[in-house]
Colleague: 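Take this structure, written in structure tokens, and hold onto it; I'll ask about it next.
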2 protein chains.
Amino acid sequence: MNKNAQQLLKGSINAVILKLLSQTERMYGYEICQKVKEMTHGELRITEGALYPALHKLEGEGILTTQTEVVDGRARKYYSIANDQQGNAVDRLAMIQNFLNQLQLILEPKDLISIPVK
Amino acid sequence: MNKNAQQLLKGSINAVILKLLSQTERMYGYEICQKVKEMTHGELRITEGALYPALHKLEGEGILTTQTEVVDGRARKYYSIANDQQGNAVDRLAMIQNFLNQLQLILEPKDLISIPVK
DNA sequence: ATTTATACATCCAAATCTTATGTATTATTT
DNA sequence: AAATAATACATAAGATTTGGATGTATAAAT
């Protein structure tokens with residue numbers, strides 16, 4: 001993986017967290033790291049030094065709630081979107097996606113036809 | 001413009017600069033600001049406090065060269081991609097675009113069919 | 001005459017990221 | 001059996017980046 005791609009991740013970690021949690025109910029930190037690696041075939045990596053502070057911040061803001069469990073002798077901290085924050089999370093995501101679309105407008109000025117998967 | 005979209009710009013200013021200069025030969029700072037506003041219908045803004053340091057840095061790295069001219073009594077500093085750095089700039093851009101595509105893979109997992117504009 | 005637009009630039013504070021480091025348990029390899 | 005890798009959390013230091021404020025200066029518009 002190249003370094004610059006990593007650098008670029010700035011600002012988008014929250015988007016990734018919210019997106020994944022909006023479709024998976026609950027996940028733990030390590031799981032999020034792995035999922036991102038897997039989904040991007042290893043081309044994108046969220047470092048733990050960036051992820052955990054981001055998770056803690058979202059928790060502190062009340063967007064995420066946590067449940068800690070012990071699985072196979074190891075502690076796991078599951079994060080999920082707080083019940084009363086679903087709408088909030090959706091709004092944040094929409095905002096971020098809009099931003100990325102605007103950016104694409106500049107970087108890749110093609111006609112993009114999106115066909116929803118079912 | 002909402003605040004969060006601004007925040008997200010982190011890391012992508014260089015991409016915007018390189019992209020615009022790769023297709024316009026030369027531009028000056030203020031022009032870049034206006035162009036971005038225009039292309040995104042006012043939804044994305046590059047602030048001068050972010051743009052000028054970024055331009056200076058790219059110049060310092062030898063990626064960009066400048067010519068200063070006085071137009072209508074006002075100084076203008078034109079930036080262009082250095083002749084021997086065209087390839088470099090293309091590589092940087094490709095890297096950034098790849099990153100964004102990976103991010104889209106997570107954020108908007110749709111089938112995207114791109115049809116180049118002619 | 002005053003405000004807005006053009007055009008440059010810098011500084012500071014806040015936010016974010018990378019890298020490194022640390023703890024601890026379980027699984028795998030040697 | 002011992003060492004390494006994987007799992008899973010977390011924090012701290014330092015670097016980079018950005019937003020917002022501020023500043024200079026000229027031309028155009030009100």
Colleague: From C-beta outward on Lys57(A), which listed nucleotide comes closest to its side chain: dT17(D), dA15(C), dT18(D)?
Modeller: dA15(C)
Colleague: Please report, rounded to the nearest Å, how far the C1' atom of dT16(C) is from the CG atom of Asn14(A).
Modeller: 10 Å
Colleague: Can you tell me if the side-chain N/O atoms of Thr47(A) get under 4.0 Å from OP1 or OP2 in dT18(C)?
Modeller: yes
Colleague: Give a yes or no on whether Lys35(B) atom NZ has more than 12 heavy-atom contacts from other residues, nucleotides or ligands under 6.0 Å away.
Modeller: no
Colleague: Tell me, which pairs form a ring pair (Phe, Tyr, Trp, His ring centres under 6.0 Å) where one or both residues lie in residues 57-89 of chain B, sequence neighbours left out?
Modeller: Tyr28(B)-Tyr78(B)
Colleague: Where do Glu25(A) and Ser80(A) come nearest, in terms of heavy atoms and distance?
Modeller: O-CB, 3.0 Å
Colleague: Do any N or O atoms of the protein come closer than 3.5 Å to N or O atoms of nucleotides 23-25 of chain C, and which pairs are they?
Modeller:
{"residue": "dT25(C)", "atom": "O2", "partner": "Arg74(A)", "partner atom": "NH1", "Å": "2.7"}

Colleague: Would one find more than 12 heavy atoms of other residues, nucleotides or ligands at under 6.0 Å from atom CG of Asp84(A)?
Modeller: yes
Colleague: How many Å lie between CD1 on Ile13(A) and C1' on dT17(D), as a whole number?
Modeller: 15 Å
Colleague: For the pair Glu61(B) and Arg92(B), find out whether any cationic side-chain nitrogen is under 4.0 Å from an anionic carboxylate oxygen.
Modeller: yes
Colleague: Show, in sequence, the C-alpha distance, side-chain angles and deciding distance for Asn101(A) and Gln97(A), and conclude whether the side chain to side chain donor-acceptor pair (under 3.5 Å) test is met.
Modeller: CA-CA 6 Å; Asn101(A) 289 334; Gln97(A) 286 169 338; over 6 Å; no
Colleague: Within residues 27-37 of chain B, which residues have any heavy atom lying less than 4.0 Å from an atom of DNA chain C?
Modeller: Tyr28(B), Gly29(B), Tyr30(B)
Colleague: Quick one: salt bridge (charged side-chain N to carboxylate O under 4.0 Å, His left out) partners of Glu69(A), sequence neighbours excluded?
Modeller: Arg26(A)
Colleague: Strictly by ring pair (Phe, Tyr, Trp, His ring centres under 6.0 Å), give each pair with a member in residues 33-56 of chain B just once, sequence neighbours left out.
Modeller: none
Colleague: Between the protein and nucleotides 10-12 of chain C, which nitrogen or oxygen pairs come in under 3.5 angstrom?
Modeller:
{"residue": "dT10(C)", "atom": "OP2", "partner": "His56(B)", "partner atom": "ND1", "Å": "3.3"}

